[in-house]
Amino acid sequence: MNNNSRLSNSIKNISFGLTAQVLQMILGFVSRTIFIKYLAIEYLGVNGLFSNILSLLSLTELGITSAILYSLYKPLAEKDERKLSGLVHFFAKVYRNIALIIAVIGLTLIPFLHQIVDNPPKQLEKDLILIYVLFLFNTVSSYFLQYKASLLHADQKSYEVSKNNILVFLLQNSLQILALVLFQNFILYLIIQSVMQFSGNLMISRKVNQLYPFLKEYKSETIDAETKAKIYSNVKSTGIVKVSGLLVNSTDNIILNYFSGLAMVGLLSNYNLLIGLASGLIMQVFANIRGSIAHINVTESHEKKIATFNTVNFANFWVYGWASVGIIFLLNDFIQIWIGEKYVLSIWAVVALALNFYMFGMQNAVWTFKSTFGIFKEGRYIVFFTALINLVLSFALGSVYGLEGILFATATARLVTNCWYDPYLVYKIALQLNPIEYLKKYLFYIVIVAVTIAILFGLNVFLPKTNFLIFVVKVLLCLIIPNIVIYLFCKNTSEYSGLTSLIKAMVNKIIGKYKK
């Protein structure tokens, strides 16, 4: 595959991915607004709580998805259909076993639900088991067909998944909104979600069968013992990272429910929804170039790999730095205008959310290169220490400071572990560079973000109390000031030149396509 093909696939992946994400943002926002209007805040809390619990159950997947994608890159580049078919059918068996384990563990938690969810409203208490079973079904059913989507992602055809998601988003959210408005029924809301997500996975499965007919032709193909051993070795390493990562990212709501109850979990869920929508939009760009980056790492020169990393890392900073500033400067005002002042959290909670968002996002380029270079074994225990520190600090700080303590505990745990160690691995093993260079850039980028926040809050002093018009003014400031500051600081760097060249190439490609 040449540079032109990689660029074309990246453009299609990003275009369809962004379209799907924007649609999900709009419909998700409308759906949440109606959800808040028609259902008690505790329903939002149980929604976030059960999502976290089932995320933890999915640790039985043990990070096999990363190992799957890595094992597919080379046979795809070599067009080895027999090996691809053997790998896909092997993964199908693995995923079915994972689904069975999650189902069994999930069902064993049912007798303890009323201890986990403390003092829910009467109607919610009555339906608690059914609600949980529907959440469990959504998690389990996804594993039966998920392995086929991995082939599309590895083959730089993520746009096929996005096209499917667009249709599913439209139908699911439209039906869920109707269910809330007409019946105010959370059970019906979840049933619609279950049916639509299962149908969407089924559609993806059929699409993969059409695009890769050799899967049926070589359905009895198996993989050799050496390949299987390599996969198991990678899974052991990614599994440790997966388990630890889930303990970092999926325990805040559980701990918060313990200290502050479902209502506070519900308040936080509104912020997580909005930040998640922004994160999802950004991730569509970076996730959809993963296949192209993997192909560069397999086929291109070492200098090309370094240049690609620097460009992607800078782009990563630009969007995550800009978005983090927006979270701090705008999010409380938006919540107040959207659903009212009683749903607003403290500014320190928002700062902690933005800090976690930025630190997690800034690992994006690092994790992409780490996985596409096959760096699984090295550093597999560092996330375990992240999880351990996070749990200890969350309980310690959460008992004293509540929500803010829990959120800052997560940020602290990330800062002292994988925030620096994963970049160290990528620089030493993959790029063969001095890791100090990454640290210098990271600190440089933090200075840029700090300067931007200082300027915006300096200007904010001159603005009156928030209303819709003032909020629009603040949005405009947030669109203009961060980009000017980033440009002034970075305009003479090689990363800026690399990014602008890439954007120009993509724009010219799009214009050329439409001229035809």
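We number each residue from 1, following the sequence as shown.
No side-chain heavy atom of Val312 sits less than 4.5 Å from a side-chain heavy atom of Thr368. Using a 4.5 Å heavy-atom cutoff, the side chains of Asp422 and Phe369 are not in contact. Using a 4.5 Å heavy-atom threshold, the side chains of Asp127 and Phe186 count as separate. Counting heavy atoms from C-beta on, the side chains of Leu425 and Val366 never come closer than 4.5 Å. With a 4.5 Å cut-off on side-chain heavy atoms, Tyr212 and Asp155 count as touching. Phe35 places none of its side-chain heavy atoms less than 4.5 Å from the side chain of Leu273. With contacts defined as side-chain heavy-atom distances shorter than 4.5 Å, the pair Leu151/Leu215 qualifies.
Of the candidates Thr386, Asn390, Asn356, Thr410 forms a side chain to side chain donor-acceptor pair (under 3.5 Å) with just one, namely Asn390. Remark: of the listed residues Tyr438, Trp420, Tyr421, Tyr438 is the sole one forming a ring pair (Phe, Tyr, Trp, His ring centres under 6.0 Å) with Tyr427.
Under the 30°/60° scheme for interplanar angles, the aromatic rings of Phe357 and Tyr320 are found to be tilted.
In the displayed structure, Tyr218 atom OH is contacted under 6.0 Å by more than 12 heavy atoms of other residues, nucleotides or ligands.
Shortest non-hydrogen contact noted between Leu27 and Phe169 is CD1-O, 3.5 Å.
Checked for salt-bridge contact, Glu78 and Lys83 miss the test: no charged N lies under 4.0 Å from a carboxylate O.
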Check: Can you list the steps and then say if Asn173 with Ile26 is a side chain to side chain contact (heavy atoms under 4.5 Å, CB included)?
Finding: CA-CA 10 Å; Asn173 283 275; Ile26 295 169; over 6 Å; no

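In this structure, Phe317 has its ring center at least 6.0 angstrom away from the ring center of Tyr442.
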